[in-house]
Visitor: 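Before I ask anything, here is the structure I am working with.
Residue numbering restarts at 1 for every chain, and letters A, B, ... go by the order of the sequence lines.
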Number of protein chains: 2
Amino acid sequence: MVRLSDVAVHAGVSVRTVSNVVNDFRHVAPHTRARVQASIDELGYRPNMAARNLRRGRTGLLALVVPEIDSPYFSDLAARTVRIAEDEGWTVLIDQTDGDPARERRLLHGERSQLVDGVIFSPWSVPAQELASRSDATPIVLLGEHDGAPPVDHVVIDNVRAAEEAVGHLVARGRTAIAAIGVRPTLGNATAHQRLLGHRRALATAGMEPRSDREAPVGSLHRAEGHRAMTELLDSLEPPDAVFCFSDQLALGALRAVVDAGLRVPRDVAVVGFDDIEDGRYAVPRLTTVSPDRDQIARLALQVLRDRLAGDDTPARVHTAGHRLVVRESS
Amino acid sequence: MVRLSDVAVHAGVSVRTVSNVVNDFRHVAPHTRARVQASIDELGYRPNMAARNLRRGRTGLLALVVPEIDSPYFSDLAARTVRIAEDEGWTVLIDQTDGDPARERRLLHGERSQLVDGVIFSPWSVPAQELASRSDATPIVLLGEHDGAPPVDHVVIDNVRAAEEAVGHLVARGRTAIAAIGVRPTLGNATAHQRLLGHRRALATAGMEPRSDREAPVGSLHRAEGHRAMTELLDSLEPPDAVFCFSDQLALGALRAVVDAGLRVPRDVAVVGFDDIEDGRYAVPRLTTVSPDRDQIARLALQVLRDRLAGDDTPARVHTAGHRLVVRESS
DNA sequence: GCACGGGCATGCAACGTTGCAAACTGGGGG
DNA sequence: CCCCCAGTTTGCAACGTTGCATGCCCGTGC
């Protein structure tokens, strides 16, 4: 390992001067800078991050905690976050909870606290009240709503309104038996609840009765669950002619279930998803969906952390990112 | 921030003893351990990773460098790697190159070298010879083959054989005009070349002539390119009746192109992909594909790094993971 | 000619931890 | 009764870096 002192000896300057060159300190004479830089290059010096972090009290790392990195929505979000964070000089560490409450809890309460400067947390099963009782001092920002507005910064989209728009679109298309897939029994996850609320509101606006047998719960947001739920809906006495799914993954599973039942989309059943994942754009038929502004979500989350790290101690706020309904072939 | 010394004062022992408790050192009296642990819990002590890393000379971090985290293949691989690495006490940092040669180069030559203990690198555009000239001492393991067998550890699958099996399957299905999509002009990426080789071999075995107008190059491995390439193939004078795509993403794009052309899969054109991403399992029709054993890939890569960090300095080797052809509806 | 100031270079100390080796304890054997 | 040893605890130093404060040098202005 090459240290600053090695470079200093090689260049015939002090350790401090080498450090000044490495850190682009202003007051370094051009020829000194050039000489030191030459030594750095020749010796192949790399700053020791551990030492730098220790001295600076910052690591330059952020944790992005998601239920699963291999779900399209989160991998897309992760990719954007990594890119945007990099532009601001941060490196992102991705943590996967698999929805495991124990793991979420550990990460929430500071498992990474001395390793990262801040945490972007997408909770799955940890209840809101527990978020509030967090004692760790590392700045954190939550993705997604949580009931009871815990005193933690949030980045959200307007899920109620988005769901309302999606279902309103189905109504406008003349659908009369509109089901929802994606209801979550877990209280912790308010996102599903908000979307259900929007769904019901749109039905109410259209003068339709919400029917609990058309609000299908799921165990996960994966395709398989969408497939299963849709199959059950189609097997019911009064099958729906449209379905609003709380994720594109569910929608793609549902799409497949419609095909498996010998029906056509959108002729027999219209399908709308949520998330705007790439698969939906290439599905047959192309999936109508709600597209959250992920870049804005990532940017807002990073901005919150940046502000908090800069000493901003105003009360926690909720930051709302945009969304839009993208109508394609499936509805 | 709570330090070891704070805990030491609180528990009435030396700093070193607290450290011994934190690190599960054997020779600590049970009652001492209990008392120290109580202080740790009460004060909410968290080890300072920067200091620990500096002292130990290890960070416990690994970098996983992939072209893009939001492509299904890599996000799936990343998810598995993170899980398996965690079991071994490692934390994985995911780096995204976007296929940018400059960024690949930086990461290859040690941009992260003082931050991570090892690197799992999935190169995209950096040529093999440059891999060989790597001077950085951080252990590295490459995913995917590279011509010229540079002196770096590799984890691969037998791409030639896998491609041969895939195309052989199309031959067995009675297809006579079999195209390939995914040829890469870049010399660096030998994977595409290997798959093309397997494709040609299978054709030769079946007594068919390889035709360069049925070997479609692509600019990326995304759906859009698969769509474009397939559209062009279908527009040719003698359109193929089957296509082997070098990735599932390409295959899904191709699938869509067939539908857009008013044709049916597999009746008019059979489609086979490569990677076994989840979307393929739910596509309409379900995609036939080559499924690499990703868990084995991740495990092999981690094992290589573990061995190298333990001081193994035997010559670099090539480690081959398994694969299998999964026949579904698209062929 | 001298004082001053801005640009530049440096020495010292400290960040929080762990490796090392030494020091202490109590119990059993000589 | 003393010594030895295993078990336990401790002090010291060092990991490589950067903040702070200081000192040096040279050019400018009086």
Visitor: Calculate the interatomic distance between N53(B) atom CG and dT17(D) atom C1'; express it in whole Å.
Guide: 14 Å
Visitor: Could you check how far CG of N48(B) sits from P of dC15(D), rounded to whole Å?
Guide: 18 Å
Visitor: OP1 or OP2 of dT18(D) sitting under 4.0 Å from any side-chain N/O of R56(A)?
Guide: yes
Visitor: Nearest-Å distance, NE2 (H27(A)) to C1' (dG6(C))?
Guide: 8 Å
Visitor: Reckon Y45(B) touches a base, only the sugar-phosphate, or nothing at all at heavy-atom distances under 4.0 Å?
Guide: sugar-phosphate
Visitor: Round to a whole Å and report the spacing from CG of N23(B) to P of dC20(C).
Guide: 14 Å
Visitor: State which of dG11(D), dT18(C), dC8(C) makes the closest approach to the side chain of S19(B).
Guide: dT18(C)
Visitor: Looking at T17(B), does any N or O in its side chain come under 4.0 Å of the phosphate oxygens OP1/OP2 on dT10(D)?
Guide: yes
Visitor: Look at all strands and tell whether N20(A) reaches a base, only sugar-phosphate, or nothing, counting heavy atoms closer than 4.0 Å.
Guide: base
Visitor: From dG7(D), dG11(C), dG16(D), pick the nucleotide closest to the side chain of R3(A)?
Guide: dG16(D)
Visitor: Quick one: is S5(A) getting a side-chain N or O under 4.0 Å of the dG16(D) phosphate, OP1 or OP2?
Guide: no
Visitor: Pick the nucleotide of DNA chain D nearest each of T32(B) and A51(B); which residue has the one closer to the 5' end?
Guide: T32(B)
Visitor: How is V13(A) classified with respect to the nucleic acid when contacts are heavy atoms under 4.0 Å: base, sugar-phosphate, or nothing?
Guide: sugar-phosphate
Visitor: For DNA chain D, whose closest nucleotide is more 5', that of L54(B) or that of R16(B)?
Guide: R16(B)
Visitor: Mind checking if R52(B) touches a base, just sugar-phosphate, or nothing, with heavy atoms under 4.0 Å?
Guide: sugar-phosphate
Visitor: Could you check how far CZ of R58(B) sits from P of dC15(D), rounded to whole Å?
Guide: 18 Å
